[in-house]
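Read the structure below first, then the notes.
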Amino acid sequence: MKAPCFARLRREPLAAALSLALLLTAAGSGPAEGQGFTRVLTGDWVADAGGSRSVNWIDADADGDLDLYVTRGGSFGEDNLYFRNDEGDFVRVTDVAIADDSHRAVGASWGDHDNDGDPELLVVSWYNEFNDFFDNNGDGTFTRPSESILNTVRTFSEDVVWVDVDADGDLDAFVANSGNASAQDNLFYLNESGSFVEQASSPLSNDGRYARCPAWGDYDDDGDLDLFVANELDQDNRLYRNELVETGSATFVEVVDAGSLTSDGGASFGASWADIDNDGDLDLFVVNSSGQPDFLYRNELAETGTATFTRVLDEAPAQDTDWGVSCAFGDVDNDGDLDLFVTNGFSSGSVIPRNNALYENDGQGSFTAMTSDPTVTDTGWSYGAAFADPDGDGDLDLYVAKWMSNNEQNAYYRNEAQALGRHWLTLELEGTSSNRSAIGARVTVVTSSGGEPLRQVRWVAGHDGYGSQNLRQHFGLLSAGLVDSLIVDWPSGVQQVMTDVAADQHMKIVETGTVSVPGSETFDDGDRSARIVPNPFRSGTRIVLAADSQVRRVDVLDVSGRHVRTLIVPSASTSSGVGPVREVYWDGRTDQGQAASPGIFFARFHPSNGEAGRRMLLLR
């Protein structure tokens, strides 16, 4: 059967779908307790004391494994750190341009701006020094093109991110500037056939504030990337909506009706978009310094259809007051939700060591602070931090940039969550029509746990927190050994769907314009043979079960795991050419009587004996 071609539609609260499938069920489990992290005290990557800033996990040499890049900006002449991953052994490399620049660096971001298969690096400095753009030569070396506009401006820059704002398949660049005696405009560059053109008149550039951290994400779920900017010195933060989908042009409008998100002024340092409650929309966490409470905002898009934000006030981490710098989300216990790590540093007056914070998610977006893990009992000053799985054991390790007195060793914490025996999946995406780094792609993974669908969504971002980056996407799957559906919405508009994806693997997905999935009209409903006919279908389809089948109810779900229709299987059997059967008909409508758009649907069978059926995909 010829595989269908997918095009992106504007996503609505009821997502569209293109086939019918039976979800696997799997036993759930509660939150992990005490699996913890172990600090690694030996190796090149924790040996050098200094004033570290940004943490970037990136496959810099395109050999399939993650390398590590750490900027340093504490002292003049302090080189950045580049560690090449040689079969799990991280070796410091000093004889390349990216580790021999002598500039006092802060933020950094990697992205394949020319789509040639290896990522380039842009590093920024707060100290009124030149920023550094390095072209990747593809042979392990890097060149700093002096003629590039990215290398010709002295700035007080805080952080930087690669992003494809106009979805034209190449990466643009945004630099957040704060300033010294006065605020300095941000820098926004469009990539025009490999050359960068500054957008000085854009509202993203001339907002006149002390910007610390840019966080790009599709907060209104319309298919283009919007921008949140965290500002310091108690200035209000800013949210800018991208009008690309609405107008065809990547122009930006300041959002003033998103709740208190843009009026809660603070000493904001870092910010990160993440779906903390697994409802499919992007929530926002903002890190504050100077003893101020952090900001946590829940996006109400999934619940109301409108992207407005409600600030959480009565629980961690929003109640905690410290000297925050950065943050990183990751499922550290592989239980299917995003946990949160927050770094702390600075002090007023004398140098006071600080503790970092690790919060466990309960699955509903509420967090509990961990108190005994070494990630939170170790003291010092921390800047950027990033999760990754460099050893490939299926759980997220953590690297933290340290800098107290500009003479502190960085920290690498090895995660011991593999001892829990939970399943996982790590994804590496490569765009073809989209930018090669896949920045801006949305990934949805649907599994079942405890008889209920579990949907998780991640977005590939060129930057996270403040001084943090990892382009790979990690999913904890609890007890599900198989992913029922994996959907990638690429920046180009292509939607790619895979089913029956095995857990416990690192998987590379290359963008295609088609979808190829296995399928059959006959499947096992748990204890009897069953059929779905016709396959594919247009106006409706029959789910045909054996007369003595234990199935009593069928729930139809959309591709994101949302409920669409409940079908009750009649108790009486009817005759057919193969003998007595029990069957139920789905007319392609929701419980409310609305016609569902063509797309992918799942049928979850509920047998009276509690046994789970096996899944089956039908193409419409």
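Please read all numbers here as calculations on a predicted model, not as lab measurements.
The existence of a salt bridge linking R442 and D221 is confirmed by a sub-4.0 Å separation between a basic side-chain nitrogen and an acidic carboxylate oxygen. The pair R241-E243 counts as a salt bridge, with a side-chain nitrogen and a carboxylate oxygen less than 4.0 angstrom apart. The pair R92-D48 meets the salt-bridge criterion, since a charged nitrogen lies less than 4.0 angstrom from a carboxylate oxygen.
A pairwise comparison of heavy atoms in G465 and S272 identifies N-CB, 3.9 Å as the closest pair. For the pair I439 and V163, the tightest heavy-atom approach, listed with the atom from each and the gap, is CG2-CA, 4.1 Å. Nearest heavy-atom pair across S125 and F130 is CB-O, 4.4 Å. For K402 against T379, the heavy-atom pair with the smallest separation is NZ-O, 3.5 Å. Heavy atoms only, all atoms of each residue included: A307 and N299 are closest at CA-OD1, 3.6 Å. Here the shortest heavy-atom pairing between A230 and A271 reads CB-CB, 4.3 Å.
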Next item on the list: Take D224 and E246 through the side-chain contact (heavy atoms from CB on, under 4.5 Å) test and state the conclusion after the steps.
Entry: CA-CA 10 Å; D224 53 35; E246 291 77 9; 3.9 Å; yes

Margin query: Please evaluate residues R472 and D389 with respect to the criterion side-chain contact (heavy atoms from CB on, under 4.5 Å), reporting the C-alpha separation (whole Å), side-chain torsions for both, the decisive distance (0.1 Å), and the verdict.
Written below: CA-CA 9 Å; R472 296 186 178 180; D389 185 15; over 6 Å; no

Item checked: Residue pair Q199, F252: steps toward the side-chain contact (heavy atoms from CB on, under 4.5 Å) verdict -> CA-CA 12 Å; Q199 308 299 301; F252 292 86; over 6 Å; no

Checklist line | Candidate pair F341 and V332, rule side-chain contact (heavy atoms from CB on, under 4.5 Å), full reasoning | finding: CA-CA 10 Å; F341 181 75; V332 301; over 6 Å; no

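In terms of modelled atom types and a separation under 3.5 Å, the side chain of N80 and the main chain of R72 share a donor-acceptor contact. Although no hydrogens or angles enter the test, the distance criterion places a donor-acceptor pair under 3.5 Å between the side chain of N237 and the main chain of N231. Not one N or O on the side chain of D331 forms a donor-acceptor pair closer than 3.5 Å with the backbone of F475. A donor-acceptor pair is defined here as one N or O able to donate and one able to accept, closer than 3.5 Å; such a pair exists between the side chain of N344 and the backbone of N355.
Side-chain atoms of N206 and D185, non-hydrogen and from C-beta on, do get closer than 4.5 Å to each other.
Using a 3.5 Å distance cut-off with no hydrogens or angles, the side chains of H474 and N334 do pair a donor with an acceptor. Side-chain polar atoms of S437 and D112 form no donor-acceptor pair below 3.5 angstrom. A donor-acceptor pair shorter than 3.5 Å cannot be found between the side chains of N191 and H113. Using a 3.5 Å distance cut-off with no hydrogens or angles, the side chains of D159 and H463 do pair a donor with an acceptor. A side-chain donor from one of N410 and S52 sits under 3.5 Å from a side-chain acceptor of the other. Side chains of D264 and S260: a donor-acceptor N/O pair is present below 3.5 angstrom, by distance only. Remark: the S268 side chain and the N288 side chain contain an N/O donor-acceptor pair separated by less than 3.5 Å. T155 and N131 form a side-chain donor-acceptor contact under 3.5 Å, judged by distance and modelled atom types alone.
Looking at W110, F83, Y82 one by one, the single match for side-chain contact (heavy atoms from CB on, under 4.5 Å) with D67 turns out to be Y82. Of the residues listed (Y412, W45, Y399), the one engaging F90 in a ring pair (Phe, Tyr, Trp, His ring centres under 6.0 Å) is W45, and it is the only one.
For residues 352-375, no residue pair satisfies the ring-ring contact (aromatic ring centres under 6.0 Å, His included) rule, not counting sequence neighbours. Sorted by first and then second residue, the ring-ring contact (aromatic ring centres under 6.0 Å, His included) pairs with a member in residues 145-167 read W126-F156, W162-F196; sequence neighbours excluded.
Aromatic rings of W459 and F329 (six-membered ring for Trp) have centroids beyond the 6.0 Å cut-off, not under it. Two rings, from Y383 and Y466, have their centers less than 6.0 Å apart. Taking the six-membered ring wherever Trp is involved, the centroid distance between the rings of F346 and W403 falls below 6.0 Å.
F387 and F37 have tilted rings, their planes meeting at an angle from 30° to 60° on a 0 to 90° scale.
Evaluation of the side-chain contact (heavy atoms from CB on, under 4.5 Å) rule for S347 yields I352, R354, W381 as partners, not counting sequence neighbours.
One finds the CG atom of D279 at 7.0 Å from the CZ atom of R455 (value rounded to the nearest 0.5 Å). The structure places OH of Y240 at 5.0 Å from CD of E254, a figure rounded to the nearest 0.5 Å.
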